[in-house]
**Student:** 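Submitted below is the structure of interest, expressed as structure tokens.
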Amino acid sequence: MDHFLYRDGALHAEDVAIAALASDVSTPFYCYSTATLERHFTVFSDGLKPLDPLVCYAVKANSNLAVLATLARLGAGADVVSEGEFRRALAAGIPGEKIIFSGVGKTKDELAFALDNDVRQINVESEPELDALNDVAVSMGVRAPVSFRVNPDVDAKTHEKISTGKAENKFGIAYDDAPRIYARAAAMPGIEVVGIDMHIGSQLTDLEPFREAYTRMRALVERLEAEGIPVPRLDIGGGLGVPYERTNEMPPLPTDYGKVVQEVFAGWEDREFECEPGRLIAANAGILVSQVIYVKQSGDRRFLILDAAMNDLIRPALYDAYHDIVPVIEPAPGTPTYEYDVVGPICESGDTFAKARALPEMRAGDLVAFRSAGAYGAVMSSEYNTRPLAPEVIVRGDDFALARPRPTYDDMLGKDRIPDWLG
Ligand code: LLP
């Protein structure tokens, strides 16, 4: 459930009318709901209650400081994949001891930054990374808290581009190599083995791959501990899917996911658990609001040309992702619908949000909202075509704040430098 609802015939974010925000910040813009972020965080945490995990929100899903600070106030930790994200988490008030550093290619500088900032744990993904981390830690005179991301070779049954747990994917150490690598790490002067981690993909709508991966995780921990290597922490990753197509999509609820985790780890409730959800917290806590520039009839196609484009929301172009698109003015019951190809102004055919989407008759100047755009929306946006990044607004009750302003053209052009030799 989210807090983007029609009220008196107009779409609202909590108690704020979207049309009012549009006149204030102009379109396109992202809008986040505090109550929805809080609700998703709570529902997810409650689903895993008996295991009492530290919920380390995956910052990559939406890294706006306002979003991070909202979650920090609820006690969230953070899962980060770069020094930049690490700095964001710290700036939002998440202490290093609640920050997990993930990612397949962390540099020595990034590892040193993490160690310098009391990182909770570094999820190591390869032996070369382990060696680099050991060197960095020894040179700093500390021991790095390490968890290995183990690749369980499980098919997550999600989109190929966001599947990460098969042996052929670049992520993690191979399952069968784990005992040898753990034993090596345990003997290294700069390494303290603290845990194990798995993350098999994103937007999972089937719980069985989770069950399979966690079952393999438990078996591996049992084997490692039998060999004398304690693995106190279990990081079960993120990946639980959300409903994008509300009318006919019902991914498992966090409580169902929680049941699977509890079943697999029955008897292990006293261990330390961590998880890294991103999309589940942020996706349906955000919308992208856009205005219709033109409605163009071309042969038998009807195009809705918006002022938002693939640079603002790239998921449809990159993953063929579906986003509900709704008019900001609520259509009266029984209003006839027409099929529109919903597109942006960028000069490539990939700049298409939806084909043959049923919408009431739309006119230039009308506002629409892309639902489920709070995760992997603004963070993946770019200035392609020298289009300013869409601003981000966060709502709380009847209040709202600009969480990131739209850059000016001077801001944008001012970042480039013309070399001296061009006079
Ligand atoms: N932990 C790790 C190590 C990850 O790589 C990810 C996401 C997460 C946690 C959070 O997964 P989530 O709970 O959000 O599914 N841009 C794509 C999604 C890429 C996900 C990458 N990793 C999209 O727009 O669908």
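First listed ligand is number 1; within each ligand, the first listed atom is number 1. Predicted model only: the values in this text are computed from it and were never measured. Every heavy atom of this structure was used, including side-chain atoms; hydrogens, water molecules and symmetry mates were not.
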**Student:** Starting from atom 1 (N) of ligand 1, which protein heavy atom do you reach first, and at what distance in Å?
**Tutor:** E276 OE1, 2.6 Å
**Student:** Measure the distances from the heavy atoms of A61 to every atom of ligand 1 and state whether one is below 4.0 angstrom.
**Tutor:** no
**Student:** In a check of salt bridge (charged side-chain N to carboxylate O under 4.0 Å, His left out) between R387 and each of D351, D312, D307, which one passes?
**Tutor:**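 Testing R387 for a salt bridge (charged side-chain N to carboxylate O under 4.0 Å, His left out) against D351, D312, D307 leaves exactly one candidate, D312.
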**Student:** Should G237 be listed as contacting ligand 1, given a heavy-atom distance under 4.0 Å as the test?
**Tutor:**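 G237: no contact with ligand 1 (<4.0 Å).
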**Student:** Report the C-alpha distance between R218 and E263 in whole Å, list the side-chain angles of each, state the deciding distance to 0.1 Å, and finish with yes or no for salt bridge (Lys or Arg N to Asp or Glu O under 4.0 Å).
**Tutor:** CA-CA 11 Å; R218 181 172 177 143; E263 278 163 26; over 6 Å; no
**Student:** At under 4.0 Å between heavy atoms, which part of M380 makes contact with ligand 1: side chain, backbone, both or neither?
**Tutor:** side chain
**Student:** Closest non-hydrogen protein atom to atom 11 (O) of ligand 1, residue and atom name please, with distance?
**Tutor:**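 Scanning the protein heavy atoms, the shortest distance from atom 11 (O) of ligand 1 goes to H199 CE1, 3.4 Å.
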**Student:** In the protein, which heavy atom is nearest to atom 17 (C) of ligand 1, and how far is it?
**Tutor:**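 So the nearest neighbour among protein heavy atoms is Y319 OH, 3.1 Å.
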**Student:** Which residue owns the protein heavy atom closest to atom 24 (O) of ligand 1, what's the atom, and how far is it?
**Tutor:** R315 NE, 2.6 Å
**Student:** Pull out every atom of ligand 1 sitting under 4.0 Å from any heavy atom of G278, numbered as shown with elements.
**Tutor:**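 Heavy-atom distances to G278 below 4.0 Å select 12 (P), 13 (O), 14 (O).
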**Student:** Is the shortest N/O to N/O distance between G201 and ligand 1 below 3.5 Å?
**Tutor:**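 No, no N or O pair falls under 3.5 Å.
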**Student:** Closest non-hydrogen protein atom to atom 20 (C) of ligand 1, residue and atom name please, with distance?
**Tutor:**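 Scanning the protein heavy atoms, the shortest distance from atom 20 (C) of ligand 1 goes to Y376 OH, 3.6 Å.
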**Student:** Let me see the working for R7 and E330 under salt bridge (Lys or Arg N to Asp or Glu O under 4.0 Å), right down to the final yes or no.
**Tutor:** CA-CA 9 Å; R7 199 184 287 175; E330 185 177 22; over 6 Å; no
**Student:** Side chains of D197 and N123: do they bring a donor and an acceptor to under 3.5 Å?
**Tutor:**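 Indeed, the side chains of D197 and N123 share at least one donor-acceptor pair under 3.5 Å.
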**Student:** Report, in ascending order of atom number, the atoms of ligand 1 lying under 4.0 Å from any heavy atom of P277.
**Tutor:** 13 (O)
**Student:** Kindly confirm or rule out an N or O of K60 lying under 3.5 angstrom from an N or O of ligand 1.
**Tutor:** yes
**Student:** Charged N to carboxylate O under 4.0 angstrom, R357 versus D341?
**Tutor:** no
**Student:** Does R271 make a cation-pi contact with F265, if we ask for NZ or CZ under 6.0 Å from the ring centre and within 45° of the axis?
**Tutor:** no
**Student:** Taking the side chain from Q291 and the backbone from V368, do they hold a donor-acceptor pair closer than 3.5 Å?
**Tutor:** no
**Student:** Between Y376 and Q203, do the side chains contain a donor N or O and an acceptor N or O under 3.5 Å apart?
**Tutor:**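 Per modelled atom types, Q203 and Y376 side chains form no pair under 3.5 Å.
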**Student:** Below 6.0 angstrom between ring centroids: does that apply to Y294 and F303?
**Tutor:** no
**Student:** Does A58 reach ligand 1 with a nitrogen or oxygen that is under 3.5 Å from one of the ligand's nitrogen or oxygen atoms?
**Tutor:**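 No, there is no polar N/O contact under 3.5 Å.
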**Student:** Under 3.5 Å, is there a donor-acceptor pair linking the side chains of Y322 and D324?
**Tutor:**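 The criterion, which ignores hydrogens and geometry beyond distance, is satisfied for D324 and Y322.
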**Student:** Considering non-hydrogen atoms of the protein only, which is the closest contact for atom 15 (O) of ligand 1, and what is the distance?
**Tutor:** S202 OG, 2.4 Å
**Student:** Would you say D235 and S147 are linked by a side-chain donor-acceptor pair, where the criterion is simply a distance under 3.5 Å?
**Tutor:**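 No, D235 and S147 have no side-chain donor paired with an acceptor closer than 3.5 Å.
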**Student:** At a 4.0 Å threshold, what atoms of ligand 1 neighbour a non-hydrogen atom of D79?
**Tutor:**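 In order of numbering, the contacting atoms are 1 (N), 2 (C), 9 (C).
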**Student:** Calculate, to the nearest 0.5 Å, the distance between atoms CD1 and CG belonging to I100 and L54 respectively.
**Tutor:** 6.5 Å
**Student:** In this structure, does ligand 1 have an atom that sits under 4.0 Å from one of the heavy atoms of R149?
**Tutor:**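 R149: in contact with ligand 1 (<4.0 Å).
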**Student:** List ligand 1 atoms under 4.0 Å from G239, heavy atoms only on the residue side.
**Tutor:**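 So the answer, numbered in order with elements, is 11 (O), 12 (P), 13 (O), 15 (O).
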**Student:** Give me the residue, atom name and distance of the protein heavy atom closest to atom 19 (C) of ligand 1.
**Tutor:** I162 CG2, 3.7 Å
**Student:** Can you check whether S102 has an N/O within less than 3.5 Å of an N/O in ligand 1?
**Tutor:** no
